[in-house]
Protein chains: 2
Amino acid sequence: MKSDRSAGKVTLADVGRVANVSAITVSRALRKPEMVSPKLRQRIEEIVEQLGYVPDPVARALASDRTDVIGVLIPSVTNSVFADVLRGIYAGVEGSPFSVQFGNTRYSVLEEERLLRVFLSQRPAGLIVSGIDQSETSRALLMQARCPVVQIMEMGPAPVDMMVGFSHFDAAYDATRHLIAGGYQRIAFLGARMDPRTQRRLEGYTQAVKEAGLFDEGLIITTPRASTVGLGCQLLSDLMARTQKIDAIFCNNDDLALGVLFECQRRRIAVPDEIGLCGFNDLEMMAVANPPITSVRTFRQEMGRRAVEMVLARIAGKDVPQPVVDLRYELMPRLSTRGQERLRRGA
Amino acid sequence: MKSDRSAGKVTLADVGRVANVSAITVSRALRKPEMVSPKLRQRIEEIVEQLGYVPDPVARALASDRTDVIGVLIPSVTNSVFADVLRGIYAGVEGSPFSVQFGNTRYSVLEEERLLRVFLSQRPAGLIVSGIDQSETSRALLMQARCPVVQIMEMGPAPVDMMVGFSHFDAAYDATRHLIAGGYQRIAFLGARMDPRTQRRLEGYTQAVKEAGLFDEGLIITTPRASTVGLGCQLLSDLMARTQKIDAIFCNNDDLALGVLFECQRRRIAVPDEIGLCGFNDLEMMAVANPPITSVRTFRQEMGRRAVEMVLARIAGKDVPQPVVDLRYELMPRLSTRGQERLRRGA
DNA sequence: TTGTAAGCGTTATCAA
DNA sequence: TTGATAACGCTTACAA
């Protein structure tokens with residue numbers, strides 16, 4: 001007599017009983033069909049169908065010491081950048097037997113460490129973590145992890161295992177070069193949140209303006225606050241209060257850029273004729289804003305998809321020929337940075 | 001001798017061995033401290049610390065027939081509305097021993113049903129599902145679920161168990177009344193995605209304009225495509241191609257509204273003087289757009305938080321005095337719908 | 001307050 | 001190709 005705890009639950013043994021075989025044979029018929037004779041296999045499949053047997057992932061996990069869960073650690077659920085990465089990750093596991101478990105580190109290295117311990121104690125099939133700035137301990141935990149690990153969002157010299165991302169430094173450097181090439185001389189930088197990736201973008205900007213002899217610390221405004229459109233408005237106000245002598249603004253992301261655009265509209269500052277404007281990430285709205293806003297396109301969904309692909313390949317025992325993938329970025333020049341050009345052309 | 005599968009893993013039995021007690025006592029010391037004598041409890045805690053014992057959730061789940069996982073089924077990971085709900089859900093489980101497992105139904109009732117089966121087979125501690133339009137089967141599955149269930153995002157007459165949301169019909173009705181009260185006569189409706197919630201908003205709009213004798217089917221444009229800012233631009237173009245005789249637009253969400261604003265700017269259509277504009281959800285950017293855009297504020301994070309609270313209360317065996325919570329909405333009138341007023345005042 | 005015994009549903013191991 | 005047995009680490013039920 002079955003205990004009432006397992007009320008109604010159909011088990012491998014139940015199927016086996018009906019099929020007159022042992023539970024393990026049913027298990028094999030489902031997991032490794034080639035190990036069971038075709039005739040028996042078919043019979044078992046029918047009975048499974050008929051009884052409505054559903055494998056129990058918890059029991060499987062305990063017995064086999066592994067799960068079908070890929071752990072994902074990201075610093076934010078609301079930041080649309082990470083929402084896009086998540087979408088890519090979802091697309092990646094789609095159709096596979098694997099599922100995804102997220103952890104929100106809230107930009108905290110310590111919280112990341114804590115979550116990592118929790119995740120690792122749960123025998124993940126794979127681990128995807130954001131960035132390359134883990135704590136020493138986290139890094140050690142990841143190195144010891146008995147599953148594939150992918151670091152996403154950035155490129156770095158010492159991958160824990162696998163890596164897919166792009167250089168935020170280079171991306172910001174190139175965007176700034178674009179502004180300089182367009183004739184802008186007084187290029188401000190607006191940065192929010194200032195997580196490691198934002199920091200690197202600031203470094204890229206700094207290097208570019210320094211090389212061009214255009215560096216001015218007074219043109220850099222940063223805040224630890226999370227970026228929003230409203231913050232973009234405010235940072236522009238702060239900037240204008242500080243100095244009127246700017247002719248371009250590089251925003252560390254598109255939310256800020258949109259806010260800057262709105263605030264410019266309100267202040268009757270012409271974009272791009274008086275101020276050039278460049279965002280980062282190339283959110284969908286950038287291309288249809290008025291004017292369309294120059295941005296740096298990043299491949300966020302692709303990043304998630306590739307990370308999952310790499311994990312799955314490794315799990316499948318396949319060789320991953322390219323364990324470090326640089327997805328690059330693409331500068332999307334639009335009207336918002338054509339001010340100097342137009343002026344020169346006498347527009 | 002321990003098998004090598006459990007390499008290095010510290011178990012309850014290990015702790016018990018060192019403490020000279022049985023495994024079950026250690027288990028109790030950790031889960032129900034009041035059942036173990038203070039002295040022993042403290043000794044056990046020390047040894048746990050010292051040995052670095054971490055409870056194994058998989059084994060616990062198998063033995064106790066329940067997990068600490070709250071399943072969440074949402075139709076989209078990218079839609080910022082659901083991203084906000086997720087944030088609320090995260091905030092809700094924060095600090096509790098519970099974790100969250102998401103499933104993305106991609107607006108498909110069938111996919112929802114499939115995921116529901118998967119989730120239910122995993123003994124969730126609770127279930128949070130979106131909307132009230134589950135399939136018959138899903139509904140039956142939910143009714144049978146041996147865990148608390150919360151439907152979020154909407155209000156409806158027959159909750160499966162608990163419910164927290166608001167009436168999309170009422171919200172849209174009130175927003176449309178606001179436009180009518182402002183003197184607008186030819187009010188268009190722009191709708192994307194057309195999921196059940198959007199449909200109900202369309203119904204609310206329809207009722208309001210019909211009551212006012214302002215209904216005109218030609219003013220309604222809908223598309224199954226997902227809403228984006230770019231789509232807002234395009235729908236405005238479609239609308240203008242169809243008729244010039246409109247003086248206000250109610251967009252079924254803020255993305256569309258923003259696109260409409262940009263497109264109006266491009267076409268030199270003055271908002272609000274020529275066309276009034278109202279969005280839905282009141283995303284952060286609405287308040288800082290140029291002009292600020294009227295919208296209907298919805299309490300998305302709050303919805304997630306409350307849903308989790310209700311689940312946790314029920315798990316804790318507490319009575320949930322209010323199993324159906326209507327979070328309402330708030331009309332946020334802004335400059336974008338003051339056109340007719342201003343005209344009347346001769347502005 | 002503590003312990004014993006018996007599972008939970010599956011898979012690994014070894015044997016037939 | 002199939003099966004018997006023993007885990008996996010924990011908790012429930014019952015006993016002391």
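On a predicted model such as this, the values are computed, not experimentally measured, just so you know.
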Please list residues of residues 27-39 of chain B whose heavy atoms come under 4.0 Å from any atom in DNA chain C, ordered by number; otherwise none.
-> Arg28(B), Glu34(B), Met35(B), Val36(B), Ser37(B)

Atom-to-atom span, CZ of Arg43(B) to P of dT1(C) - whole angstrom = 16 Å

Integer-rounded Å distance: dT1(C) P and Gln42(B) CD | 16 Å

So does Ser22(A) get a side-chain nitrogen or oxygen closer than 4.0 Å to the phosphate oxygens (OP1/OP2) of dG3(D)?
-> yes

Closest to side chain of Thr25(B), choosing from dG9(D), dC10(D), dT2(C) | dT2(C)

Residues in side chain to side chain donor-acceptor pair (under 3.5 Å) with Asp133(A), at least two apart?
-> Arg200(A)

Consider the side chain of Leu12(A), meaning its heavy atoms from C-beta on, and name the nucleotide among dG9(C), dT11(C), dA4(D) that approaches it most closely.
-> dT11(C)

Which residue pairs satisfy the ring-ring contact (aromatic ring centres under 6.0 Å, His included) criterion with at least one member in residues 104-124 of chain A, sequence neighbours excluded?
-> none

Under a cut-off of 3.5 Å for both distances of each Watson-Crick or G-U pair, what dot-bracket string does DNA chain D give, using [ ] for crossing pairs and | for inter-strand pairs?
-> ||||||||||||||||

From the list dG3(C), dG9(D), dT2(D), which nucleotide is the closest neighbour of the side chain of Leu40(A)?
-> dT2(D)

Compare the minimum distances between each of dC10(D), dT10(C), dG3(D) and the side chain of Thr11(A), then state the nucleotide with the smallest one.
-> dT10(C)

Among residues two or more places apart or on two chains, list those pairs meeting salt bridge (Lys or Arg N to Asp or Glu O under 4.0 Å) that have a residue in residues 71-99 of chain B.
-> Arg106(A)-Glu94(B), Asp84(B)-Arg300(B)

Side-chain donor or acceptor of Arg197(B) paired with backbone N/O of Glu154(B) under 3.5 Å | no

Minimum-distance nucleotide (side-chain atoms of Ile24(B) versus dT2(C), dT4(C), dG9(D)) = dT4(C)

Using ring pair (Phe, Tyr, Trp, His ring centres under 6.0 Å) as the criterion, list what pairs up with Phe166(A), not counting sequence neighbours.
-> His168(A)

Between Ile70(A) and Leu127(A), what is the shortest heavy-atom contact and its length?
-> CG2-N, 4.5 Å

Arg60(B) CZ - dC8(D) P separation (whole Å) = 19 Å

Could you walk me through whether Glu113(A) and Ser135(A) pass side chain to side chain donor-acceptor pair (under 3.5 Å), step by step?
-> CA-CA 7 Å; Glu113(A) 196 174 308; Ser135(A) 72; 2.7 Å; yes

Do Phe102(A) and Val77(A) come within less than 4.5 Å of each other through their side chains, counting heavy atoms only?
-> no

Short side-chain to backbone donor-acceptor contact, Ser130(A) and Leu73(A), under 3.5 Å = yes

Given atom CG of Asp56(A) and atom C1' of dC8(C), what is their separation to the nearest angstrom?
-> 9 Å

Just how far, in rounded Å, is C1' of dG9(D) from CG of Asp65(B)?
-> 16 Å

Could you give the CZ-to-C1' distance, from Arg41(B) to dT1(C), as a whole number of Å?
-> 12 Å

Rounded to whole Å, the CG-C1' distance (Asp68(A) to dT10(C)) equals 13 Å

In whole angstrom, give the distance that lies between atom CG of Leu62(A) and atom P of dG9(D).
-> 7 Å

Of the nucleotides dG3(D), dT10(C), dG9(D), which one has an atom closest to the side chain of Val21(A)?
-> dG3(D)

Nearest atoms (heavy-atom pairs only) where Ala61(A) meets Thr67(A) | CB-CG2, 3.8 Å

Residue Ala63(B), side-chain heavy atoms: nucleotide from dT11(D), dC8(D), dG3(D) that is nearest | dT11(D)

